[in-house]
Amino acid sequence: MNGSSPLITIGGLTFNIANCLSTFIAALLVFILFFALSRKIEMRPGKAQNVLEWIVDFTNGIVKSMIPEKSQAQPIMFYVFVMFAFIFVANQLGLILEVAIGGQTYIKSPTSSPIVTMSLGTISLVLSQFYCVQQRGIKGYLHHYAEPMLVLTPINILEEFTNFLTLSLRLYGNIFAGEVLLDLIVKMASSYGIVTWIPSLLVSMVWQGFSVFIGAIQAYVFVTLSTVYISHKIVTE
């Protein structure tokens with residue numbers, strides 16, 4: 001991760017070019033990947049279809065484990081599938097493609113920015129409120145904040161924001177720290193020539209492999225916790 005990111009102002013709104021461009025590239029890669037995997041859907045699946053079905057079954061399994069009722073789980077499955085795929089690809093983007101020009105970063109992992117992760121967290125937060133209203137109605141939605149007793153209402157409301165912050169900042173912290181450490185390893189490689197270049201290369205390869213694992217785990221943790229928060233809103237004891 002090198003330097004700052006360029007900004008552009010349109011209509012009084014300031015946009016971070018690195019965040020916008022990186023998010024677009026991650027979304028485009030997800031589209032291309034799953035378009036390719038779903039080109040030939042057959043009763044007797046090939047390798048590409050097997051991979052696609054495995055991912056769908058994996059994300060559907062996350063939802064089913066939290067929301068047993070099929071009618072309640074069905075609308076959430078596609079969201080969890082798309083969110084898992086996007087976050088996984090976004091987490092890896094900075095490892096395979098990082099573009100920095102003139103000390104400013106144009107392409108990186110979009111999830112290394114708190115703005116992006118908070119936007120993703122906001123989507124989960126808003127959806128959890130929407131599904132709660134849809135399942136319980138306005139009266140039931142308001143009443144669940146007073147459960148199990150009215151005196152806990154302020155704590156229940158505060159919990160909404162703490163869930164949002166932990167969901168967003170956990171993802172941001174892990175991906176940002178990974179990119180910072182990788183950048184430090186690269187700088188160390190050029191500090192004392194071949195003396196540091198060879199060990200730094202080995203450390204960099206190991207860390208990149210570990211970062212792929214961390215990126216996958218963080219995508220899993222994000223969608224799992226999102227599903228947990230949604231299930232708490234719609235699953236009645």
Side-chain angles (χ1 to χ4, degrees), residues 19-99 106-113 116-117 119-121 123-124 127 167 170-172 174-179 181-182 185 201-228 230-231:
N19 288 348
C20 296
L21 186 58
S22 301
T23 300
F24 173 76
I25 292 174
L28 182 62
L29 289 175
V30 170
F31 173 79
I32 293 173
L33 172 63
F34 287 101
F35 180 78
L37 292 177
S38 60
R39 284 289 290 166
K40 294 182 179 180
I41 301 298
E42 300 174 348
M43 291 298 296
R44 187 175 182 180
K47 294 181 180 179
Q49 187 175 337
N50 279 329
V51 172
L52 177 62
E53 290 182 358
W54 181 86
I55 298 173
V56 172
D57 288 341
F58 175 72
T59 55
N60 285 355
I62 296 174
V63 179
K64 291 177 182 177
S65 65
M66 307 293 175
I67 309 173
E69 182 62 39
K70 185 177 180 179
S71 61
Q72 294 177 328
Q74 197 70 38
I76 303 167
M77 290 179 177
F78 184 67
Y79 165 71
V80 172
F81 167 73
V82 172
M83 188 62 78
F84 176 82
F86 173 77
I87 294 178
F88 175 78
V89 172
N91 289 349
Q92 316 304 334
L93 185 61
L95 298 176
I96 60 176
L97 180 64
E98 182 174 319
V99 177
Y106 286 83
I107 299 176
K108 60 178 183 176
S109 293
T111 44
S112 65
S113 168
V116 175
T117 59
S119 298
L120 297 175
I123 295 173
S124 293
L127 276 180
L167 188 65
R170 179 187 291 107
L171 178 59
Y172 157 68
N174 279 275
I175 305 306
F176 178 77
E179 290 200 352
L181 185 54
L182 187 60
I185 294 172
L201 179 62
L202 297 175
V203 173
S204 176
M205 293 174 62
V206 172
W207 181 252
Q208 284 186 326
F210 184 67
S211 294
V212 171
F213 173 74
I214 292 297
I217 291 296
Q218 289 305 312
Y220 170 75
V221 169
F222 188 95
V223 297
T224 299
L225 291 179
S226 295
T227 306
V228 169
I230 294 173
S231 70

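Residue indices begin at 1 and follow the sequence shown.
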Item to check | CA sep, side-chain torsions, deciding dist, call: Ile87, Gln218, side chain to side chain contact (heavy atoms under 4.5 Å, CB included) | outcome: CA-CA 8 Å; Ile87 294 178; Gln218 289 305 312; 5.7 Å; no
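- Rounding to the nearest 0.5 Å places CE of Met66 at 14.5 Å from CD of Gln72.
- With Val221 as reference, Ile217 is the one residue of Ile217, Val223, Thr224 to meet the side-chain contact (heavy atoms from CB on, under 4.5 Å) rule.
- You'll find the side chain of Ile62 stays beyond 4.5 Å of the side chain of Met77, heavy atoms only.
- In terms of heavy-atom proximity, Phe84 sits nearest to Tyr220 at CE1-N, 3.8 Å.
- Residues in residues 52-68 take part in these side-chain hydrogen bond (donor to acceptor under 3.5 Å, both in side chains) pairs, two or more places apart or across chains: Gln49-Glu53.
- We find the CD1-CG distance between Ile214 and Leu95 to be 11.0 Å, quoted to the nearest 0.5 Å.
- Between Phe24 and Pro110, the closest side-chain pair of non-hydrogen atoms is not below 4.5 Å.
- Taking all atoms of both residues into account, the shortest heavy-atom contact from Val89 to Ala26 is CG1-O, 3.9 Å.
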Checklist entry - Are Phe35 and Ile32 close enough, and set up right, to give a side chain to side chain contact (heavy atoms under 4.5 Å, CB included), and what steps lead you there? => result CA-CA 5 Å; Phe35 180 78; Ile32 293 173; 5.7 Å; no
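- Rounding to the nearest 0.5 Å places CG of Leu225 at 6.0 Å from CG of Leu167.
- Partners of Phe213 by ring-ring contact (aromatic ring centres under 6.0 Å, His included), not counting sequence neighbours: none found.
- Residues Ser231 and Ile67 approach most closely at CB-CG1, 3.7 Å, considering heavy atoms.
- Looking only at distances, no side-chain donor or acceptor of Thr227 sits under 3.5 Å from a matching main-chain atom of Val63.
- In this structure Tyr106 satisfies the ring-ring contact (aromatic ring centres under 6.0 Å, His included) test with no other residue, sequence neighbours excluded.
- The two residues Ser112 and Glu179 have their closest heavy-atom pair at OG-OE1, 3.6 Å.
- The two atoms that bring Tyr172 and Ser113 nearest to each other are CD1-C, 3.7 Å, heavy atoms only.
- The CD1 atom of Ile96 sits 6.5 Å away from the CG atom of Leu29 when rounded to the nearest 0.5 Å.
- Separation of atoms CD1 (Ile25) and CD1 (Ile107) is listed at 3.5 Å; rounding is to 0.5 Å.
- The structure places CZ of Phe222 at 13.0 Å from CG of Asn174, a figure rounded to the nearest 0.5 Å.
- One N or O on the side chain of Ser109 and one on the backbone of Asn91 form a donor-acceptor pair closer than 3.5 Å.
- No more than 12 heavy-atom neighbours from other residues, nucleotides or ligands sit within 6.0 angstrom of CZ on Phe78.
- Shortest non-hydrogen contact noted between Val30 and Phe86 is CG2-CA, 3.8 Å.
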